[in-house]
Amino acid sequence: MSNDQRPDFIDPALLRGLTQRRVSRRDVLKGMGAGAGAMGLTAFLAACGVSGTSKSSPPPSGSPSPDVLKKIYGNGTPAGQLNFANWEAYIDVNSKGKSPTLLQFTKETGIKVSYKTVINDNDPFLAKIIPVLQSGGDTGYDLMVITNGGPVERMIKLGFLTPLDHQYLPNFEANASDAVKNPSYDPGNKYSVAWQSGFTIIGYNSKAVKDKPTSFADLLNPKYKGKVGMFGNNQDLPCAALVYLGKDIQTSTPDDWKKAADVLMKQRNDGIPRSYYDQSYLQALENGDTIISQAWSGDLFIAAAPKSYGGDGFPEIKAAIPGEGGILWTDNQCIPLNAKHPVDAIKFMDFVYQPKIAAQLADFIWYVSPVPAAKDIVLNDIDDPLVAKSPLVFPSADDLAKSHKYKVFKDQAEEDEWNSIFQPIYTS
Amino acid sequence: MADIDVRMDQVSKQFAEVTAVDELTLEIDRGEFFSLLGPSGCGKTTTLRMIGGFEEPSRGRIYLGGKDVTTMAPYRRNVNTVFQSYALFPHLTVFDNVAFGLRRKKVQKTEVGRRVGDALRLVDLPGFERRKPSQLSGGQQQRVALARALVNEPQVLLLDEPLGALDLKLRKQMQLELKRIQNEVGITFLYVTHDQDEAMTMSNRIAVMRHGRIEQIGAPEDVYEAPATEFVAGFLGASNLLDGEVKDSDGSRATIRLRTGDAITVPAERLDGPERKVKVGVRPEKIKLEQDSEPLAGGWNAIEGTLRMATYVGVSHQFTIDGPGDRPLTVYAQNLGAETIPAPGQRVRLVWRPEHTFVVRPSEPLADWEEET
Amino acid sequence: MVLPGGAWLFVFFLVPILFLASVSLQTGNIFDGFRLTWHFRNYVDAVQLYHVQFLRSLRYASIATAVTIVVSYPLAYWIAFRGGRHKTTFLFLLLLPFFVSFVIRTLAWQFILADDGIVLGPLKRWHLLPQSFHVLATSTAVIAGIAYNFLPFMALPLYVSLERIDRSVVEAAQDLYANKLEVFRRVIFPLSIPGVFAGVLLTFVPAMGDYVNASILGGTKTTMIGNIIQLEYLTNFHYPIAAALSFILMAVLLLGIFVYARVLGTRSIEEYV
């Protein structure tokens with residue numbers, strides 16, 4: 001029974017009260033009366049539906065009209081406040097524990113920043129804010145950083161991101177690397193611009209692995225049996241296998257997926273992977289629980305760097321970019337729907353695309369900077385050749401050209417099929 | 001002379017700083033109903049627990065039926081205990097509770113059934129086999145506890161204030177029951193109580209304890225009529241005590257002079273030792289109250305006093321009289337219905353037979369913590 | 001008295017349960033919304049897809065619960081009967097590690113039990129263990145982690161049930177010719193059964209739904225049903241399947257508890273609680 005067929009005797013206010021987050025006292029009292037009396041089980045169950053969004057806000061297509069953008073950004077006057085949700089250790093920090101970038105931003109624009117590191121992982125964070133957005137509420141954040149390969153696409157499709165008005169993004173237009181401009185998951189950067197990117201490559205312990213890995217094939221090598229770390233998610237693991245088989249991730253077919261899954265399943269059944277990891281893969285690698293592992297580029301830089309430099313101090317941990325190319329993913333700055341201060345948010349988005357600021361961030365974060373021009377500043381002005389010359393922070397054009405991107409799904413059905421093929425590998 | 005069932009030979013028990021039992025020597029005859037009576041903290045329960053095997057003496061030996069059991073584990077001793085809280089096994093039925101000891105002793109199954117049945121009949125609880133302890137009243141639980149111990153036919157049955165939790169009426173009834181059962185089974189009962197009525201009602205002999213020592217051992221009437229110490233006199237029933245000094249003794253009679261100058265005659269054998277300063281005592285019910293100065297009956301002791309208060313208690317009148325001592329004297333007079341009751345303030349004379357007089361050594365007064373358990 | 005209690009149950013139990021029941025019978029996706037279509041097939045799918053993880057969770061939780069009994073019974077017994085004046089101190093010491101967050105504690109084990117870590121490292125260097133030996137990433141590690149993390153849930157009810165046993169009942173058993181073993185077998189253990197019962201419930205139920213230990217200490221074939229529910233809910237946004245799995249989990253647990261209570265007899269438990 002759908003909502004449209006609900007019996008007449010149910011007060012629509014009650015349905016709102018039960019399905020939406022904002023519940024008035026009046027609704028609750030009514031609901032209790034109705035629950036005790038008139039309402040049958042069937043009607044109640046029907047009322048518990050999880051509402052979608054396609055009815056209320058049409059799926060985004062084409063460029064947002066100037067009128068829409070005008071309504072959001074007005075005449076471009078900031079409100080003076082920015083609520084920023086980001087990941088742990090994902091911004092520069094000075095000796096006093098403050099971020100120079102944020103301080104500078106406030107100094108130059110007068111916008112105060114409330115910076116919260118509330119995101120540990122995309123899924124739980126989105127699980128928290130999606131119901132808020134579904135009920136038409138405000139997440140309390142003006143800016144958030146989420147990853148492509150699912151999260152960004154999902155939020156765009158749900159219509160839960162505020163479209164960007166590119167007239168406020170001159171620095172992005174001028175300085176962003178081609179790798180982050182016009183990405184397949186958000187053509188035209190209508191809803192997102194990159195914060196930092198990273199490669200999914202291979203990390204290894206050079207004490208235990210004598211031959212430098214050159215390919216995903218090294219992760220399948222039986223001589224590392226039980227000491228191999230693989231990622232337990234539906235992008236890093238399947239994409240790496242598809243690339244290994246020479247398939248183009250975006251155009252690959254379910255047949256290709258099955259072949260890739262066969263490779264991974266055989267690896268699993270041979271007992272080669274120790275486990276399927278999330279962020280914890282790094283500790284396993286540092287502890288020596290794994291000696292070769294799928295890895296995210298910036299982490300390997302951090303693991304290997306000396307403690308005095310701010311790293312973890314494991315010089316034996318090294319990065320290898322497989323010959324078939326790494327997988328480039330991007331964490332994106334987005335403005336959630338109903339954000340209170342979109343102008344302040346978009347100003348900050350653009351602010352970090354100034355090469356000087358980008359250099360400052362890159363020198364601290366050690367992931368792939370979206371601003372290639374920052375490299376010279378890191379090298380000459382900041383005088384940090386280790387970072388400037390690292391292919392993990394400023395990758396070569398060749399590495400970028402060879403890199404692949406996370407699968408962008410056409411629709412839910414495609415994603416479900418993909419998951420049904422790959423998920424059993426890392427969840428059974 | 002009967003056989004001796006329990007013998008304690010200079011037994012002491014020390015808990016950290018406290019001496020609970022101090023050099024206690026005691027013999028209990030086979031088939032005897034023996035009570036340990038005293039205020040809380042007098043060491044009576046510790047004595048019982050040492051016999052049961054739950055405490056090991058610090059010094060001295062304990063014999064059961066002539067066998068040294070001083071360090072023997074409880075489950076090896078042929079004694080059983082009825083605990084103050086009954087300590088029934090809450091997860092077992094009445095039958096299983098009573099059968100517990102027999103089963104541990106590997107008694108045959110049919111034999112167990114028969115003996116449990118007998119035991120339950122003995123305590124008047126046939127038909128309760130399937131009940132759980134929580135489905136029984138306090139008095140019924142008490143009977144189960146008794147049956148559970150008796151069914152093993154122990155050499156000695158130890159009872160630790162077993163009636164303490166029952167109300168007065170039930171307690172009186174159970175006292176008689178216990179006495180009946182003891183007569184029936186003929187087992188030695190060692191009974192611990194702080195209730196003097198209980199001890200007197202049931203016991204063949206009583207040991208009155210204080211501070212870990214025995215103050216007096218004897219048959220109830222001996223201990224009552226001729227208490228050996230001021231403590232016993234005070235703890236066992238009410239008594240009137242007066243300070244005095246032994247004047248002379250002519251072999252069968254002795255004279256004690258009170259501070260007021262009154263002379264009190266006592267049987268000479270009541271004098272215990274050479275002390276000169278003693279207390280003379282008489283039980284309140286032994287005193288006759290006289291209002292007019294009729295001539296004194298031959299040889300009776302007499303003292304004068306002023307009536308402070310007369311209380312009507314139904315079966316008797318209770319008089320409080322300011323007499324020669326520091327403390328007022330108490331007199332009980334049976335309510336025969338014919339007496340004229342003296343009025344407060346009136347001068348009265350208290351008279352009693354010399355043989356009802358006892359002499360005790362002065363002892364320190366009862367401390368607060370000794371009063372009740 | 002019925003009204004506030006009933007309202008409480010309605011708001012905090014019945015409404016969420018009915019909501020969950022409703023979701024488990026819906027179809028749709030997060031973009032188009034979910035509709036109640038009485039799609040019982042969700043349950044069939046859930047079982048078909050994930051019975052392996054389900055049975056594994058059942059096995060892990062059972063073994064872990066048994067382990068917590070074996071470990072915490074002597075501990076609780078010792079504290080209750082031999083703890084003397086320091087009972088509270090011992091209890092506090094027992095609980096001390098559990099003031100640290102669940103995840104951090106589990107991560108600590110990951111560090112301690114690392115293949116070349118502070119325990120296995122030296123043992124391997126002295127050739128007391130083969131180089132390939134490892135504890136982490138095995139089902140043993142997951143079960144041990146669960147047992148460790150839920151130990152207080154077993155130890156505390158056990159302690160309480162042992163502590164409240166009237167000492168005179170123990171003496172009565174000794175008095176009635178029971179030796180130490182018989183005292184334990186005939187009196188102490190039966191009287192501690194309510195504690196075992198409560199402990200098993202408090203341990204088994206959360207152990208069955210646990211996902212932290214499997215994800216931190218587990219390997220390639222240790223995924224538990226909790227991990228699956230989390231994945232289906234948070235990552236795949238398959239709310240109906242996640243709800244169906246939760247419902248099956250709940251039903252299995254309720255059925256288990258019912259049978260368990262029947263076997264042990266709640267009536268007799270109530271009697272001496």
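Per chain, numbering begins at 1; letters A, B, ... match sequence-line order. Model, not experiment: these values are computed from the prediction.
Residue Y211(C) places its OH atom among 12 or fewer non-hydrogen atoms of other residues, nucleotides or ligands, all under 6.0 Å distant. Dense packing is recorded around CZ of F409(A), with more than 12 heavy atoms of other residues, nucleotides or ligands lying under 6.0 Å away. Dense packing is recorded around CZ of F102(C), with more than 12 heavy atoms of other residues, nucleotides or ligands lying under 6.0 Å away.
For L231(C), the part lying under 4.5 angstrom from a heavy atom of chain A is the side chain only. Residue I228(C) touches chain A through its side chain alone, counting heavy-atom pairs closer than 4.5 Å. For T138(C), no part lies near chain A; criterion is any non-hydrogen pair under 4.5 Å. At a 4.5 Å heavy-atom cutoff, the contact between Q283(A) and chain C is made by side-chain atoms alone. Heavy-atom distances place the side chain of N419(A), and not its backbone, under 4.5 Å from chain C.
Expressed to the nearest 0.5 Å, how far OG1 of T427(A) lies from CE of M224(C) amounts to 14.0 Å. Rounding to the nearest 0.5 Å places CZ of F237(C) at 9.0 Å from CD of E415(A).
The two residues T223(C) and Y426(A) have their closest heavy-atom pair at OG1-O, 3.9 Å. Minimum interatomic distance between S275(A) and G218(C) (heavy atoms only, all atoms of both residues): OG-O, 3.2 Å.
Every residue meeting the side-chain hydrogen bond (donor to acceptor under 3.5 Å, both in side chains) condition with K266(A), not counting sequence neighbours, appears here in chain and number order: D270(A). Applying the salt bridge (charged side-chain N to carboxylate O under 4.0 Å, His left out) rule to D45(C) yields the partners R41(C); only residues at least two apart in sequence or on another chain are considered.
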> Do D416(A) and H238(C) pass the side chain to side chain donor-acceptor pair (under 3.5 Å) test, and can you show the C-alpha distance, the side-chain angles, and the key distance before you say yes or no?
Replying inline: CA-CA 9 Å; D416(A) 284 347; H238(C) 288 159; 2.7 Å; yes
>> Test side-chain contact (heavy atoms from CB on, under 4.5 Å) on K221(C) and N269(A); report intermediate values, then the result.
In response: CA-CA 10 Å; K221(C) 291 175 186 172; N269(A) 290 340; 4.1 Å; yes
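Applying a 4.5 Å heavy-atom cutoff, the residues of residues 110-126 of chain C that approach chain A are Q110(C), F111(C), A114(C), D115(C), D116(C).
Remark: the backbone N or O of R268(A) is not paired with any side-chain donor or acceptor of T220(C) at under 3.5 angstrom.
Note on K225(A), R154(A), Q412(A): by heavy-atom pairs under 4.5 Å with chain C, the leading option is R154(A). Between chain A and the residues I216(C), T222(C), L136(C), V52(C), the most heavy-atom pairs under 4.5 angstrom are made by L136(C). Heavy-atom pairs under 4.5 Å with chain A were tallied for N227(C), L107(C), N236(C); the largest tally goes to N236(C).
Counting only heavy atoms from C-beta outward, the side chains of N122(A) and T235(C) never approach each other to under 4.5 Å.
Within the structure, side chain to side chain donor-acceptor pair (under 3.5 Å) pairs that include any residue of residues 52-63 of chain C do not occur (at least two apart or interchain).
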